[in-house]
Every structure is written in C-alpha cells, then in structure tokens.
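Before I ask anything, here is the structure I am working with.
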Amino acid sequence: MSEFVIQTWNLTKHYDGKAGCSDVSLQVPPGVVYGFIGPNGAGKSTFVRTLLGLIHPTSGRAEILGHPLKNVKARAKVGYLPELFRYPDWLTGVQLLELHADLAGVPPTERRQRIQNLVERVGLSGREREKIRRYSKGMQQRIGLACALISDPELIFLDEPTSALDPIGRRDVRDLILALRKEGKTVFLNSHLLAEVENVCDQVAIINQGEVVAQGDWRTLCDFKSEIRLRTQGLTREILNTMNSSVQEAELLSQTQEITEWRVQLSSGEAVPELVHHLSGMGIGVYEVVSLQPHLEEVFMHWVERKEKDHAVHH
Ligand SMILES: Nc1ncnc2c1ncn2[C@@H]1O[C@H](COP(=O)(O)OP(=O)(O)OP(=O)(O)O)[C@@H](O)[C@H]1O
C-alpha cells in the first residue's frame, strides 16, 4: 500500500480546453493537515472535485488511500465539505445528518450517539432540531462540517470551511481541525485565507493559475529568507557592517542606554549561529535572538513570482 494518503501524477483537468488545474503532482502523508492555497480561481476546487471523482480528469493519475480514483472502498473513508453547499432546507439539522448517516452506511445502533456528538462538536447544540431554512450561513457551514464527518472518515477534504464564519467560528473550526489531526486523521484544506492555513497546516502546496508553484513543509518554503530580531549589549552599526558577508540588512529598532535591539536580515539560516558566535567572541552580550518568519502571504508571493520568472525564462 502507498505510504501516502493522496498521491497524484500530473493530474490535469481542462474545461473546454482551458485549464482548471494542470499537471498537479502531490504527495500527502497520513495524519497531517495539508493546506492547498491559492487565489480565487486558481484551481483548488477543481483539483479536489477531480480527486473525489465528481469530475473526470483530462489526463494524469491519482490514488486516494492507496486506491485509484472512484474506488468505492476508498470513498467510504473520505469526508467532504464542498465550498458551495446547499442543503435541503426543509429538513432539520438532525434530519440532514440522519440522511447523510444513511448514505454513509452508519450502523443504526451508532447513529444517534454519533449525531449527538457531532452536533456538539460543530457547536450547534440546542439548534439541531430547527429547520435548516432558519440557519444562518455560518450555521449551515457548521452542519456541513458535521455531514463531512458523519462516516468517521480517515481523510477529510474541507473546501474553504470558514468562508461564512465569524472569528469565533473560525477559531472553532481551527480547533476542530487540530483535534482531527490528533485522532490521526488527514485533513486536506483548500483555502485562500492564508492566516487560517498558517495556523493549522503542517504542509502546503501553493497553486496559481492551475499550476502548483511550490509544495512541502511550509517552514522549508519560508527558508528563502532568514530574518531575526536581536537584543544585545554593545552592538553598533559599525560592527554589523564588518559582517556584510552574512548580514544583508540591519535596522535599529530601539536603543536604551547600552541595550540595542535590531532587526537583521541574514543570507541564510546557517548564518544565525555564526553571527551569535562572532558577537560573543567580540564580548557583545546577546540577550535575545528571535526568528522572524515571513508571513504566509510573503511566502506565497515569493513562490508565485519565482514561478512566473521561470516561465518568462523558458518561453
Ligand atoms: N464547470 C466549469 N466550467 C468551466 N470552467 C470552470 C468550471 N469550474 C471552474 N472553472 C474554471 O477553472 C478555474 C479554476 O476554478 P476553481 O473553482 O477550481 O478555482 P478555486 O481555486 O477553487 O477558486 P475559488 O477560491 O474562487 O473557489 C477558473 O478559471 C474557473 O473559472
């Protein structure tokens, strides 16, 4: 069996000759929260819908839970919250969950308890017997999450799961995702909300205009830049200037008597211990070294621009 929960080889879906997503090759290991990020129209939903067998790939290949697409065994272990959800609004929340439990083949003896647990888990306790017609958008998104989890799936696709939620709802979903990971589930999260991804994802793929421009552990993707905040005693700009092979940029943030605080941009992560060693050797007290990771937005723009440059070179 494949060591990956999702693996794709050049998976491509074109709509009328135009790319929805092109040549996407990904590996998602088990038990991670995997972020699939990209702007509106980048191809995120197309990719997920293709993996779920809802649309046919134009070319390429994929496996889910070690099985080819559309395999019934694999599908039974997959949960999905679609981006544009619409539920029969004449049903109550519980009725909708019962319907989904039936479709997912949940044993009748477990059904009641499972529904009750899920209602609590998604924060709808007390409202579950109301008609969905009366639910706000955020509540509909919550009931959708419960539907996605009803079969106790191993792999869960969440397509923009917090688009209708307020900040509290977003935090609830983040906590829910982290709890799912603790249970050993794999979560594939489509999002254009970078902060959301930054907070929960172990690994990410960045997609732009249908193509994956970078993928991997997101901390590794941040490695193009190494920036630190330094609190020292006695460090001056003159001293920093003598280290211009590793120090690319330095900004004095504050100064109180002997203590100076700097934001320093280095050529690489390896330059950090070198710098600290060097300063200590000169008798400069280093009180604090804090790594300043770039925000995901910056990481995203870096890789998108890099890919565009590559394209320009090759065409
Ligand atoms: N059924 C369709 N027929 C034709 N083109 C489509 C269809 N569905 C999507 N597309 C096109 O494919 C591209 C990718 O769309 P997709 O919905 O996959 O993007 P997305 O990254 O999920 O965007 P969003 O964040 O806005 O949901 C877009 O250019 C879109 O217009």
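Just so it is clear, the model here is predicted, and its values are computed rather than measured. Read the numbers this way: they start at 1 and go in the same order the structure lists the ligands and their atoms.
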Worksheet item: Do the side-chain N and O atoms of Ser163 and Gln141 include a donor-acceptor pair separated by under 3.5 angstrom?
Response: yes

Fill in: Sequence-distant partners of Glu98, salt bridge (charged side-chain N to carboxylate O under 4.0 Å, His left out), two or more places apart
none

Fill in: Within 45° cone of Tyr135 ring axis and under 6.0 Å: Lys131 NZ or CZ
no

Discussion item. Going by side-chain hydrogen bond (donor to acceptor under 3.5 Å, both in side chains), name the residues that satisfy it together with Gln265, two or more places apart in sequence or in a different chain.
Written reply: none

Fill in: Under 3.5 Å donor-acceptor, Asp202 side chain and Val32 backbone
no

Practice prompt. Name all pairs fulfilling the side chain to side chain donor-acceptor pair (under 3.5 Å) condition that reach into residues 50-62, sequence neighbours left out, sorted by first residue then second.
Written response: His56-Lys70

Note down each nitrogen or oxygen pair, ligand 1 side and protein side, whose separation is under 3.5 Å; give only atom names and the distance to 0.1 Å.
residue	atom	partner	partner atom	Å
ligand 1	8 (N)	Tyr15	OH	3.4
ligand 1	18 (O)	Thr46	N	2.9
ligand 1	18 (O)	Thr46	OG1	2.5
ligand 1	19 (O)	Gly43	N	3.1
ligand 1	21 (O)	Ala42	N	3.0
ligand 1	21 (O)	Gly43	N	2.9
ligand 1	21 (O)	Lys44	N	2.9
ligand 1	21 (O)	Lys44	NZ	2.9
ligand 1	22 (O)	Ser45	N	2.8
ligand 1	22 (O)	Ser45	OG	2.8
ligand 1	23 (O)	Gly41	N	2.7
ligand 1	25 (O)	Asn40	ND2	3.2
ligand 1	25 (O)	Lys44	NZ	2.9
ligand 1	26 (O)	Asn40	ND2	3.0
ligand 1	26 (O)	Gly41	N	3.3
ligand 1	27 (O)	Glu83	OE1	2.8
ligand 1	27 (O)	Glu83	OE2	3.2

